[in-house]
Amino acid sequence: MPVDRPDALPAARRPHRLSGGLPGLLTPGATTDPYRLRLYRLLRTDYPLGYDPALGAWLLSRYADVALALTDPRFTGYPHDGAPRGRAPVPLGLCRGSLVCGPLTVPWSTAAPAVERTAYVLARRIAGRDRADLVADFCRWLPAGAAAAATGLAHPDLSTLPRGARHRRAPGGAGDCTGTTALREHALASFLANMLDDPDLLAAATAGEAGGGADGPGSGSLLGRAWTETLRRDPPVQIVLRRTRTEVAVSGGTLPADAPVACLIGAAGRDPARFAAPDRFDPLRSDADPLLIGPAGCPAALLGRLEAEHGLRALLTAMPGIRWADGFRPVAGGLLTRGPRALLVRPS
């Protein structure tokens with residue numbers, strides 16, 4: 001008979017309780033920086049399977065277990081977070097798992113110039129300043145402005161674009177996948193932070209080593225690899241909720257049937273059992289994995305990559321000497337969704 005409570009599991013399958021040492025995800029400080037607190041590392045090594053009563057879900061933190069939950073038909077969507085059931089795309093990366101997820105309603109040849117045009121307008125605005133915050137002045141506007149421009153709407157002055165538009169359905173978007181730009185903002189900010197932290201990588205991008213850049217959804221450019229690496233190392237969505245259809249054996253024990261499961265994407269993406277030097281940002285790594293990017297062809301994922309590549313090029317063109325403001329270091333925040341809170345730069 002299936003069991004649905006941790007208390008009902010045999011001792012051999014009940015490695016711990018929260019009161020017995022399991023670090024809860026909602027522990028003070030964990031929602032600010034689970035990496036710095038080594039929360040994810042502790043879960044992977046000592047508590048690969050445990051029930052978090054505050055979250056109301058079983059926790060999976062190892063890459064192998066998370067990959068199983070994302071791909072095995074014995075798991076399905078968790079109704080309370082809007083995730084799909086059955087064969088619909090799993091919400092991951094920038095995909096929200098819309099049941100109507102489909103191709104971009106505007107062709108790639110139209111979307112790419114619109115994103116590029118919007119990025120250059122925003123970058124030129126910042127170029128004359130002594131100091132700027134790329135999160136507030138660039139990352140929050142590029143996704144919304146690019147979506148508007150891609151539909152043919154003219155926005156010569158992007159200040160006329162309502163801030164509320166960032167959280168409404170993007171014109172011409174495909175269902176819910178492009179309905180909100182918040183995740184793309186987080187991902188773009190993380191991408192820019194990783195690139196600005198690596199002068200050699202920036203120099204390669206400036207020199208055109210990117211091999212043509214965002215020339216299509218299958219482009220394997222340096223910037224495209226850097227974007228993929230950002231989604232692995234600093235995913236905008238840290239937790240994906242699933243539900244078991246039946247009992248499922250994982251590395252830490254056995255999940256009961258009909259149980260909510262929290263897949264810790266942030267922990268799985270830095271699992272040393274799957275990725276060499278997992279905390280290092282390395283776009284050229286040989287063990288890159290497309291699983292953590294999300295469904296292939298998702299409109300939000302495609303737009304996010306366009307915004308990252310064209311956004312960085314626009315910034316480097318308008319501000320070749322861009323660098324961190326004196327004494328500034330980027331700090332990411334958030335547990336369910338995560339990204340840098342600010343990116344303070346000196347444009348020249």
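As a basis for the values below, the full set of heavy atoms in this structure was taken, side chains included, without hydrogen atoms, waters or symmetry mates.
- Distance alone, capped at 3.5 Å, places no donor-acceptor pair between the Arg243 side chain and the Thr76 backbone.
- Contact detail for Cys263 and Ala69: the closest heavy-atom pair is SG-CB, 3.5 Å.
- Judged by distance alone, the side chain of Asp46 and the main-chain N or O of Leu42 form no donor-acceptor pair under 3.5 Å.
- Pairs engaging residues 53-62 under the salt bridge (charged side-chain N to carboxylate O under 4.0 Å, His left out) rule: none recorded [sequence neighbours left out].
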Step-by-step side-chain contact (heavy atoms from CB on, under 4.5 Å) determination, Leu201 to Leu222 | CA-CA 9 Å; Leu201 201 55; Leu222 174 62; 3.9 Å; yes

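- Not counting sequence neighbours, the partners of Gln238 by the side-chain hydrogen bond (donor to acceptor under 3.5 Å, both in side chains) test are Tyr35, Tyr40.
- Distance check, rounded to the nearest 0.5 Å: CD1 of Ile126 to CG of Leu315 gives 6.0 Å.
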Trace of the side-chain contact (heavy atoms from CB on, under 4.5 Å) decision for Phe275 with Leu292 | CA-CA 12 Å; Phe275 301 101; Leu292 298 179; 4.2 Å; yes

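- At least one donor-acceptor pair closer than 3.5 Å links the side chain of Arg245 to the backbone N or O of Pro73.
- Every residue two or more places apart in sequence or in another chain was checked for a side-chain hydrogen bond (donor to acceptor under 3.5 Å, both in side chains) with Arg323, and none qualifies.
- Remark: Ala262 engages Leu55, Ala57, Leu59, Ile239, Leu241, Leu264 in a side-chain contact (heavy atoms from CB on, under 4.5 Å) (not counting sequence neighbours).
- With contacts defined as side-chain heavy-atom distances shorter than 4.5 Å, the pair Leu223/Trp227 does not qualify.
- Summarising the geometry, atom CG belonging to Leu202 is positioned 6.0 Å from atom CG belonging to Leu312; distances are rounded to the nearest 0.5 Å.
- A donor and an acceptor atom, one from each side chain of Asp52 and Trp58, are nowhere located under 3.5 Å apart.
- Side-chain N or O atoms of Thr244 include none that pairs as donor or acceptor with a backbone N or O of Glu247 at under 3.5 Å.
- Rounded to the nearest 0.5 angstrom, Ile265 CD1 and Arg270 CZ are separated by 13.5 Å.
- Expressed to the nearest 0.5 Å, how far CD of Glu309 lies from CE of Met195 amounts to 9.5 Å.
- With sequence neighbours left out, Asp271 forms a salt bridge (Lys or Arg N to Asp or Glu O under 4.0 Å) with no residue at all.
- Here Ala332 pairs with Arg338 under the side-chain contact (heavy atoms from CB on, under 4.5 Å) rule; sequence neighbours left out.
- The CZ atom of Arg131 sits 11.5 Å away from the CG atom of Asp137 when rounded to the nearest 0.5 Å.
- Contacts of Glu229 classified as side-chain contact (heavy atoms from CB on, under 4.5 Å), with partners at least two apart in sequence or in another chain: Arg232, Phe281, Asp282, Arg285.
- The minimum heavy-atom distance between Phe328 and Ala342, with the atom names listed, is CZ-O, 3.2 Å.
- Not counting sequence neighbours, the partners of Ala249 by the side-chain contact (heavy atoms from CB on, under 4.5 Å) test are Thr254.
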Determine, stepwise, if the pair Asp279 / Arg233 fulfils salt bridge (Lys or Arg N to Asp or Glu O under 4.0 Å).
-> CA-CA 7 Å; Asp279 293 329; Arg233 182 181 180 271; over 6 Å; no

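- Inter-residue side-chain proximity for Asp234 and Phe191 is flagged as unmet; no heavy-atom pair is nearer than 4.5 Å.
- Between Ala259 and Pro256, the shortest heavy-atom distance links the atoms CB-O, 3.5 Å.
- Here the closest heavy-atom approach between residue Gly311 and residue Ala119 is recorded as CA-CB, 3.9 Å.
- If you chain together hydrophobic residues whose side chains sit under 4.5 Å apart, Leu192 and Tyr120 never meet in one group.
- Under the 3.5 Å distance criterion, the side-chain polar atoms of Thr181 are left unmatched by any main-chain donor or acceptor of Pro143.
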Worked check of side-chain contact (heavy atoms from CB on, under 4.5 Å) between Leu25 and Leu39 | CA-CA 8 Å; Leu25 286 183; Leu39 171 63; 3.9 Å; yes

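- Residues Asp258 and Thr246 form no side-chain contact, since every pair of their non-hydrogen atoms from C-beta on lies 4.5 Å or further apart.
- The structure places CG of Leu142 at 5.0 Å from CD of Glu307, a figure rounded to the nearest 0.5 Å.
- By the salt bridge (Lys or Arg N to Asp or Glu O under 4.0 Å) test, Arg74 is found to be paired with Asp72, residues two or more places apart in sequence or in another chain being considered.
- The minimum heavy-atom distance between Pro347 and Ala127, with the atom names listed, is CB-O, 3.7 Å.
- A pairwise comparison of heavy atoms in Gly339 and Ser190 identifies CA-OG, 4.0 Å as the closest pair.
- Counting only heavy atoms from C-beta outward, the side chains of Pro236 and Thr337 never approach each other to under 4.5 Å.
- Checked by atom type and distance alone, the side chain of Arg274 pairs as donor or acceptor with a backbone atom of Asp287 at under 3.5 Å.
- In this structure, Arg242 and Val240 have side chains that are in contact, with non-hydrogen atoms separated by less than 4.5 Å.
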Check the pair Leu60, Leu43 against side-chain contact (heavy atoms from CB on, under 4.5 Å), reporting the backbone distance first and the verdict last.
-> CA-CA 8 Å; Leu60 294 181; Leu43 288 171; over 6 Å; no

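- The salt bridge (Lys or Arg N to Asp or Glu O under 4.0 Å) check on Asp65 picks up nothing, with sequence neighbours excluded.
- Under the side-chain hydrogen bond (donor to acceptor under 3.5 Å, both in side chains) criterion, Asp133 pairs with no residue, sequence neighbours left out.
- Here Asp200 pairs with nothing under the side-chain hydrogen bond (donor to acceptor under 3.5 Å, both in side chains) rule; sequence neighbours left out.
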